[in-house]
Amino acid sequence: MASNEILMLAVGLFTGAQLTNLLYAVWANQDACRGAARAEATLKRLAGDRFLSTFRLYRLAPPPSVPTPGGPHPAEVLEASVRDFELKLWDAADRVEDAARWDGLL
């Protein structure tokens, strides 16, 4: 290899290392921002619960359920309920069709 090729290889490696370092810094900043937003939301929720606990009716109500980490994701629960509703609609349509056929309307 010529000296300028070796120099370009070294410059390329150095530039790649610096860009990788910058990328990791950006990712760390994004994680910190997400963590701060999550902490702020938790503090707001706790402040709201503390405020609402001053009302007698709120104290008599059962505490809101907190999803367990091992439980299903809310999107999965929503998808399952939509699928269940869809199956119930198809079942109702089949019953109406069967009743219409039984009465000789179809």
Side-chain angles (χ1 to χ4, degrees):
M1 290 179 105
S3 62
N4 63 344
E5 291 174 340
I6 293 173
L7 182 64
M8 288 305 293
L9 177 64
V11 168
L13 289 174
F14 178 74
T15 304
Q18 291 301 319
L19 287 175
T20 302
N21 190 20
L22 178 68
L23 182 64
Y24 281 121
V26 168
W27 285 344
N29 186 30
Q30 288 175 348
D31 288 342
C33 288
R34 285 189 200 110
R38 194 176 304 122
E40 185 178 346
T42 302
L43 285 175
K44 284 182 180 179
R45 191 176 321 111
L46 289 175
D49 284 343
R50 186 172 179 182
F51 172 73
L52 291 174
S53 69
T54 60
F55 299 117
R56 185 173 185 274
L57 180 63
Y58 184 78
R59 279 185 272 141
L60 293 176
S65 64
V66 177
T68 58
H73 190 271
E76 294 172 350
V77 174
L78 178 64
E79 182 180 357
S81 65
V82 168
R83 181 67 181 149
D84 184 49
F85 180 69
E86 182 183 9
L87 290 175
K88 287 180 181 177
L89 282 178
W90 282 112
D91 186 46
D94 287 341
R95 288 182 183 187
V96 168
E97 183 181 356
D98 290 343
R101 287 188 192 279
W102 182 263
D103 291 339
L105 299 174
L106 290 178

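Sequential numbering from 1 along the given sequence is applied to the chain's residues. Keep in mind that what you see is a predicted model, and the values were worked out from it rather than measured.
Using a 4.5 Å cut-off on side-chain heavy atoms (C-beta onward), Thr15 and Gln18 make no contact.
Atoms CH2 and CG, on Trp27 and Leu22 in that order, are 11.0 Å from each other to the nearest 0.5 Å. Rounded to the nearest 0.5 angstrom, Asp94 CG and Asp98 CG are separated by 6.5 Å. For the atom pair Leu78 CG and Arg83 CZ, the distance stands at 14.0 Å (nearest 0.5 Å).
Checked for salt-bridge contact, Asp91 and Arg95 meet the test: a charged N lies under 4.0 Å from a carboxylate O. With respect to the salt-bridge test (charged N to carboxylate O, under 4.0 angstrom), the residues Lys44 and Glu40 qualify.
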Please step through salt bridge (charged side-chain N to carboxylate O under 4.0 Å, His left out) for the pair Glu97 and Arg101, ending with a clear verdict. CA-CA 6 Å; Glu97 183 181 356; Arg101 287 188 192 279; 2.8 Å; yes

Could you go through Asp84 and Lys88, starting from their C-alpha distance and side-chain angles, then the distance that decides it, and tell me whether this counts as salt bridge (charged side-chain N to carboxylate O under 4.0 Å, His left out)? CA-CA 6 Å; Asp84 184 49; Lys88 287 180 181 177; 3.5 Å; yes

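Side-chain N or O atoms of Glu5 include one that pairs as donor or acceptor with a backbone N or O of Ala2 at under 3.5 Å.
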